[in-house]
2 protein chains.
Amino acid sequence: MRGMTDPFGSLSLELASTVDRVADELRRAVFDGELESGTPLREVALAESLGVSRSTLREALGVLVAEGIAVREPNRGVSVASPDPESIRDVCRARAVLELAGVRRWAEADESLRDELRDALVAYTTAVREGASYHTLNERHLAFHLGFVQLLDSPRLVAMAETLYAELRLALAQIDRIRRNAHDQAGSHTRLVMMLERGDVDGAATDLGAHLAGAERDILEALALP
Amino acid sequence: MRGMTDPFGSLSLELASTVDRVADELRRAVFDGELESGTPLREVALAESLGVSRSTLREALGVLVAEGIAVREPNRGVSVASPDPESIRDVCRARAVLELAGVRRWAEADESLRDELRDALVAYTTAVREGASYHTLNERHLAFHLGFVQLLDSPRLVAMAETLYAELRLALAQIDRIRRNAHDQAGSHTRLVMMLERGDVDGAATDLGAHLAGAERDILEALALP
DNA sequence: ATTGCCGGATTGTCCGACAATCCGACAGCG
DNA sequence: CGCTGTCGGATTGTCGGACAATCCGGCAAT
């Protein structure tokens, strides 16, 4: 056993629990806009609609609630969370803390983590250039921002950031009609990374802070329109 | 309806769902050391021991797992999480990010939040002076540290910090025999706040960083002994 | 030493049931 | 008209039982 490299290291298999698959499907439905925010998720209806028992559906709902995608009111069931301005502000404030902390760690971070961020950037910019779908644009954009948090090299902080992004996705799913100026964002993002490569961490931090504040403002505006 | 202050604003009632009570009881048992880390939490046994159905117990276990207090292995059940050095390091790194971000915001934070931090400090120091129980010392100490995160004025970041502290409590529950130099810590903490009052944010940040690094080292050492 | 098989224990999932609670409607009553 | 009490339907919270799938340890067979 000792000293020998595992010959099957590349093998793995993900067995998807039924609960997980149900949660995945619900997430997808929410982020794809099939379920408007505020829609009540009735247990019996959803259960037989998905072909699962009420017990397992309840468990899946618990997952969604824990992720902040849905809210549960005692004795009144769970419904798709409706992002109010207050929570949007909070999510943006929280993500700013995490991402800025990541930026400030650029120099000390592991090279592979920096590379991941660079890769995420090119994935995003190419998606922008090729005029990808709004959905993939959002995903690439969030993946890029997650790259900053990954610089902190802390699985828990990354997981926290992902739950924050889940709430952002929920909010964005409501305003997907508004195609924002993605090209401009791509430009500002490459500029940001270039500042980092040059060693200007403070400049990048203030730049990112401004970008995040702008994103928060955009979301709030778009959300207040209807 | 408009302009009138709610005459019943002070009223509220917390109806404790059975699941919540079960989760609370399990948390208490874990943090009080009644359940050693690694102990498997058998569903049928625990369910009838607590006088609840297996369904509700399962749901409560899901809560514990989501909080990181327990871990679930597919088809093998959930057991009390055993804090390995890697996760300890991660938790400490994550809390450092959050607490340091809070310290850096001392000047801009709301006065009431600063006051809460001051109150938490005196609560802790008096507990130290009066030789309170190890358990309450831990609680006051963590409450003080949480005060830094509260300076960020973000409910989500506070909630994240609390789950991090839950994992810390779990680790501390394993080494409660070792009574650490709480008096010294109280001194360093008051010194830290005094630096903040004086406006020396950078000094307080480096001080807190060192303190957190020391705490991480202490926990890792104490955990490696047995 | 490895493999194959078996039996008990435990989880994952399903089903049906029931009380508690909530909601809307509707009647009663000042 | 506004407020209060009541009723029925719908939904959740919790329960108990059931069963296949999976895991684990031991033991036999190769």
Side-chain angles (χ1 to χ4, degrees), chain A residues 1-4 6-8 11-27 35-66 69-82, chain B residues 1-2 4 6-8 11-27 35-67 69-82:
Chain A
M1 191 64 105
R2 128 178 73 244
M4 87 188 193
D6 184 354
F8 308 124
L11 270 53
S12 77
L13 80 165
E14 72 284 19
L15 48 139
S17 140
T18 308
V19 173
D20 291 340
R21 273 174 314 188
V22 172
D24 285 344
E25 173 67 6
L26 288 180
R27 258 187 242 105
L35 291 174
E36 217 165 341
S37 99
T39 313
L41 303 175
R42 303 295 172 200
E43 299 182 352
V44 279
L46 265 183
E48 67 184 31
S49 164
L50 291 173
V52 302
S53 154
R54 194 157 81 97
S55 324
T56 57
L57 179 93
R58 261 179 83 82
E59 205 166 328
L61 287 184
V63 175
L64 278 265
V65 170
I69 299 174
V71 291
R72 145 169 291 143
E73 292 170 291
N75 288 319
R76 303 201 37 207
V78 343
S79 45
V80 181
S82 42
Chain B
M1 192 64 104
R2 129 177 72 246
M4 86 188 190
D6 185 353
F8 308 124
L11 269 52
S12 77
L13 79 167
E14 74 285 17
L15 46 142
S17 139
T18 308
V19 173
D20 290 341
R21 273 173 318 193
V22 171
D24 285 344
E25 174 66 6
L26 288 180
R27 258 186 242 106
L35 290 174
E36 217 165 340
S37 98
T39 312
L41 303 176
R42 303 294 171 200
E43 299 183 351
V44 278
L46 264 183
E48 66 185 32
S49 164
L50 291 172
V52 302
S53 155
R54 194 158 81 95
S55 325
T56 55
L57 179 93
R58 261 179 82 83
E59 206 165 328
L61 287 184
V63 175
L64 278 266
V65 170
E67 288 173 347
I69 299 174
V71 292
R72 145 169 290 144
E73 293 170 291
N75 287 319
R76 303 200 39 208
V78 343
S79 44
V80 181
S82 41

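A note on names: the letters A, B, ... follow the listed sequences, proteins ahead of strands, and every chain is numbered from 1. Source: prediction; values computed, not measured.
Counting heavy-atom neighbours within 6.0 Å of B:Glu36 CD, excluding the residue itself, gives a total of 12 or less.
If you check every strand for non-hydrogen atoms under 4.0 Å, A:Arg42 touches sugar and phosphate atoms only.
Between B:Asp24 and B:Arg27, at least one side-chain nitrogen of the basic residue sits less than 4.0 Å from a carboxylate oxygen of the acidic one, meeting the salt-bridge criterion.
Side-chain contact between B:Leu26 and B:Leu46 is present, with at least one heavy-atom pair separated by less than 4.5 Å.
Closest non-hydrogen pair, A:Gly38 versus A:Ser79, comes out as O-CB, 3.8 Å. The shortest non-hydrogen separation linking A:Ser37 to A:Ala81 is CB-O, 3.3 Å.
Here the CZ atom belonging to A:Arg54 is positioned 10.0 Å from the OG atom belonging to B:Ser55, to the nearest 0.5 angstrom. To the nearest 0.5 Å, atoms CZ (A:Arg21) and CG (A:Leu50) are separated by 11.0 Å.
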Output a table of donor-acceptor pairs, distance under 3.5 Å, between side-chain atoms of residues 56-66 of chain A and any protein atom two or more places apart or on a different chain; print 'none' if there are none.
from: A:Thr56; atom 1: OG1; to: A:Ser53; atom 2: O; distance (Å): 3.0
from: A:Arg58; atom 1: NH1; to: A:Glu43; atom 2: OE2; distance (Å): 2.8

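Here the nucleotide nearest the side chain of A:Ser53, chosen from C:dC23, C:dC14, C:dG12, is C:dC14.
A heavy atom closer than 4.0 Å to some atom of DNA chain D occurs in A:Arg58, these being the qualifying members of residues 55-65 of chain A.
Taking atom CD of A:Glu43 as the reference point, atom P of C:dC22 lies 15 Å away to the nearest angstrom.
From the 5' end on, the contacts that DNA chain D makes with chain A at under 4.0 Å to a non-hydrogen atom open and close at D:dT11 to D:dT14.
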